[in-house]
2 protein chains.
Amino acid sequence: MKVTIRDVARRAGVGVATVSRVLNGSGYVKAETRERVLAAAAELGYVPSQLARGLVGGLSGTVGLVIPDITNPFFPLITRGVEDAASEAGYTVFLCNTDNDPGLEAHDVQKLRERRVDGVIFVGTTERRESVDRLLADGIPVVVMDRQLNHADVDTVLVDNLAGARAACRHLIGLGHRRIAHAAGHRSTRTGQDRCQGYREALEEAGIAFDPACVAWGDFTYESGYRVCQVLLGLTPRPTAIFAGNDLIALGAIRAAEDAGLAVPDDLSVVGFDDIQMAALVRPGLTTVRQPAREMGRMAMTMLLQRIRGEAAGPGRRHVYQPELIVRGTTRRREPHA
Amino acid sequence: MKVTIRDVARRAGVGVATVSRVLNGSGYVKAETRERVLAAAAELGYVPSQLARGLVGGLSGTVGLVIPDITNPFFPLITRGVEDAASEAGYTVFLCNTDNDPGLEAHDVQKLRERRVDGVIFVGTTERRESVDRLLADGIPVVVMDRQLNHADVDTVLVDNLAGARAACRHLIGLGHRRIAHAAGHRSTRTGQDRCQGYREALEEAGIAFDPACVAWGDFTYESGYRVCQVLLGLTPRPTAIFAGNDLIALGAIRAAEDAGLAVPDDLSVVGFDDIQMAALVRPGLTTVRQPAREMGRMAMTMLLQRIRGEAAGPGRRHVYQPELIVRGTTRRREPHA
DNA sequence: ATATGATATGGAATCGTTTCCATTCTCGGG
DNA sequence: CCCGAGAATGGAAACGATTCCATATCATAT
């Protein structure tokens, strides 16, 4: 039924070792013998078993990609970038959704270890180090994206959240806004904290006093943005601009503002973060801070491959991307009131 | 370094066969022995190798999911549904993006065969049967989603595109529209053809003559929708409504209409298909035909598991979901002109 | 003519499991 | 007291590759 290397060897009239050498291009093989082996393999429709290959001590040719939820529009692009680089290198990617649930994450990591993956990429997962430690103990390299893990042995790919947040807020300040609120992401994430910090720094450098009431924490979802914006719009004086922790929050905030009878950007300017696909398609277009997500995914996979191949040893490297402000239609110059 | 079943056996003072029986819950094992083995495994942090398990003739515990592009907002939900069901069953999913390129698809399928996946799910791929045939020849079950493959041995999960398209057009007709155009998807896909056919049927049953000029083919992208809509709006008399082949097309069409100075839904009503996340978030909300994508993904994986476990033999089954019309803000009653 | 090093090839061990088969215990019934 | 069936266990043969090591054939330099 299944055709094995032994079948190919028999058909070509050679030993299995020779077949292996031909298929892997290793060792000496006479040109004529190579032809015969290749022909036999093709005729039999031979497909080498990566399971067996992996077992003999080599690599499995697979990596794991652990993300919270592929349904969240921020992750498909990263996933695609990882996949692109993996595919080019002959690698295959296991996709795991954790919903940010530590239990599910542990379950997924356990499965990945059983599958003997050659490496794992974590994106935007909780800061819990347990899973990562277990993998490193197995000698499986790890790359972390969009989160900072103060771990000596993992490579990190992220965007400069501070700079991005500062750029977003400077843009608003430059448009004449003074009362700027921040619809923040999740308080326990470094990403959320950094963006909030960038917001504060931009205010400070413009000489605007920081009002704690202007920062409302939630999580990185549309619903959270909607809820939090309702609170922020109730402040007096009402903010004239909102810097959101990400694009989904921004979209939720815009909807909340409109439902409250406010026009965007006439009555309220809004800036997001990430530049998800939707940001360019909604009307008015969402002004936001762009992360090169696909490129970052590709970079993460590239770094992982270097670790796997032993081309990079030593302490964890860090690759920081500079985000870019994309001005669209949700921000407008604030006309000084009478 | 790596801890194997032999290490666990030694530690527990038993044979490897006994350890295997304990871990798999097969055969006879004394309760006290079981405890000892389990303890030893835990102390050593033993993780069984699925590679070895798969090799001995069992299953690899993996399946392949082949889609055109995870970046297209239609696929994440399906992917998530597949993942959900897979994870519950202890399965892991290989994600492959083909960009609808037969060459890439062949490459991906080759990799999946090398990995000895237990099954493969194709979503919205080209109708080329080659890859599928190869898998079936290997004895690897296949499930196809969102496409019809006239193949005796594959299970199919799809939505009733005819009924969905009819519902969308009846809705427009019910609102008083008579001049309705169709911004169609890709001409060579069954999905595109069926939705066009449903459109024609709805017109016919309403006694509206079919005008070939009112159907413009493209592909299932935003850009295509934009382009195609420009053409349709140039017709005389100008259509008062457009039924789009999917939501991305609809979104592109809306943008084109607005750029042409037309208001949606006042001057032009638009209906989409799929109900991607964006459809509910744009303003005005997109009227569309909803597919239960996550549920469909889950169903595809469930059917695949049944095949893998031999719980379902015989000819290919077919699971057809009934779509649901979701009325939002892009459709409006046509006021009869003077 | 012989030593030498490169070229070619195959046998067999190995990777970490599952599972078949053989063996040893343990009991309850005759 | 013996016997047979179930309970409990371990040894060893697969599974399908890679790779080490041994062996054989050359051509060329000495």
Side-chain angles (χ1 to χ4, degrees), chain A residues 1-38 40-41 44-62 90 111 113-118 138-140, chain B residues 1-38 40-41 44-62 90 110-111 113-118 138-139:
Chain A
M1 187 70 189
K2 268 284 185 276
V3 30
T4 77
I5 196 174
R6 230 168 299 269
D7 300 321
V8 177
R10 197 169 315 132
R11 172 93 166 202
V14 299
V16 293
T18 302
V19 176
S20 177
R21 273 186 294 257
V22 169
L23 265 32
N24 297 303
S26 59
Y28 295 111
V29 179
K30 210 200 298 180
E32 186 237 319
T33 309
R34 182 191 320 281
E35 293 306 317
R36 210 140 36 88
V37 169
L38 256 24
L44 294 172
Y46 170 65
V47 178
S49 165
Q50 189 65 248
L51 265 44
R53 282 183 168 166
L55 187 58
V56 64
L59 302 164
S60 68
T62 62
K111 286 297 172 198
R113 296 208 300 157
E114 289 180 3
R115 266 64 171 174
R116 297 293 190 260
V117 292
D118 298 335
D138 286 358
I140 299 175
Chain B
M1 188 71 190
K2 265 293 184 270
V3 30
T4 78
I5 197 174
R6 229 169 300 268
D7 300 320
V8 176
R10 198 169 314 131
R11 171 95 167 200
V14 299
V16 293
T18 302
V19 175
S20 177
R21 271 186 295 256
V22 169
L23 265 33
N24 298 303
S26 59
Y28 296 110
V29 178
K30 210 200 297 180
E32 186 236 319
T33 309
R34 182 192 318 281
E35 294 306 318
R36 213 142 32 90
V37 169
L38 255 25
L44 294 172
Y46 170 67
V47 178
S49 165
Q50 189 65 248
L51 264 44
R53 282 184 167 165
L55 187 57
V56 63
L59 301 165
S60 68
T62 62
Q110 171 72 10
K111 286 296 172 200
R113 295 208 300 157
E114 289 180 4
R115 265 67 172 173
R116 297 293 191 257
V117 292
D118 298 336
D138 286 357

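To find a chain, count down the sequence lines: A is the first, B the second, and so on, and within it residues start at 1. In what follows, every heavy atom counts, from backbone to side chain, and hydrogens, waters and symmetry copies are set aside.
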Query raised in the report: Are the side chain of Arg115(B) and the backbone N or O of Gly61(A) linked by a donor-acceptor pair below 3.5 Å?
Result: yes

Query - Nearest-Å distance for atom pair CZ/P, residues Arg53(A) and dG16(C) - result: 18 Å

Query raised in the report: From Leu51(B) CG over to Arg53(A) CZ, what is the distance, rounded to the nearest 0.5 angstrom?
Result: 12.5 Å

Query raised in the report: Looking at CZ of Arg36(A) and OG1 of Thr18(A), how far apart are the two atoms once the value is rounded to the nearest 0.5 Å?
Result: 9.5 Å

Report summary line: Closest to the side chain of Val14(A), out of dA17(D), dG10(C), dT9(D), is dG10(C)

Report task. Flag the pair Val3(B) / Arg11(B) as yes when at least one side-chain heavy-atom distance between them is below 4.5 Å, and no otherwise. Result -> no

Report task. Hey, which sits more toward the 5' end of DNA chain D by its nearest nucleotide, Gly13(B) or Leu23(A)? Result -> Gly13(B)

Query - Among dT9(D), dA17(D), dT18(C), the one nearest Val29(B) by side-chain distance - result: dT9(D)

Query raised in the report: Is any side-chain heavy atom of Glu35(A) less than 4.5 Å from a side-chain heavy atom of Glu32(A)?
Result: no

Query raised in the report: Contact class for Thr4(B) vs. all strands (heavy atom < 4.0 Å): base, sugar-phosphate, or nothing?
Result: sugar-phosphate

Query raised in the report: For Ala52(A) and Ala17(A), take the nucleotide of DNA chain D holding the closest heavy atom to each; which residue's nucleotide lies nearer the 5' end?
Result: Ala52(A)

Query raised in the report: Taking atom P of dA17(D) as reference, at what distance in whole Å does atom CD of Gln50(A) sit?
Result: 11 Å

Query raised in the report: Between Tyr28(B) and dA8(D), does any side-chain N or O lie under 4.0 Å from OP1 or OP2?
Result: no

Query raised in the report: Can you find a heavy atom in the side chain of Leu59(A) that is under 4.5 Å from one in the side chain of Arg116(A)?
Result: no

Query raised in the report: Reckon Val47(B) touches a base, only the sugar-phosphate, or nothing at all at heavy-atom distances under 4.0 Å?
Result: sugar-phosphate

Query raised in the report: How would you label the contact of Ser26(B) with the nucleic acid (heavy atoms, under 4.0 Å): base, sugar-phosphate, or nothing?
Result: nothing

Query - Options dT18(D), dT9(D), dT18(C), nucleotide nearest the side-chain atoms of Asn24(A) - result: dT18(D)

Report summary line: Between Pro48(B) and Arg21(B), whichever has its closest DNA chain C nucleotide further toward 5' is Pro48(B)

Report task. Quick one: label Ser49(B) by what it contacts on the DNA or RNA (base, sugar-phosphate, nothing), any heavy atom closer than 4.0 Å. Result -> sugar-phosphate

**Report entry** Minimum-distance nucleotide to Arg6(A) side chain [options: dA17(D), dT19(D), dC20(C)]
**Finding:** dA17(D)

**Report entry** End-to-end axis angle, where each axis spans five pairs of the helix from dA1(C)-dT30(D) to dG30(C)-dC1(D), to 10°
**Finding:** 60°

Report task. Identify which nucleotide among dT19(C), dG16(C), dT18(D) has an atom closest to any side-chain atom of Leu55(B), counting heavy atoms from C-beta outward. Result -> dG16(C)

Query - OP1 or OP2 of dG10(C) under 4.0 Å from side-chain N/O of Thr18(A) - result: yes

Query raised in the report: What distance do Arg34(A) atom CZ and Leu23(A) atom CG have between them, rounded to the nearest 0.5 Å?
Result: 10.5 Å

Report task. Indicate whether OP1 or OP2 belonging to dT17(C) is found under 4.0 Å from a side-chain N or O atom of Ser20(B). Result -> no

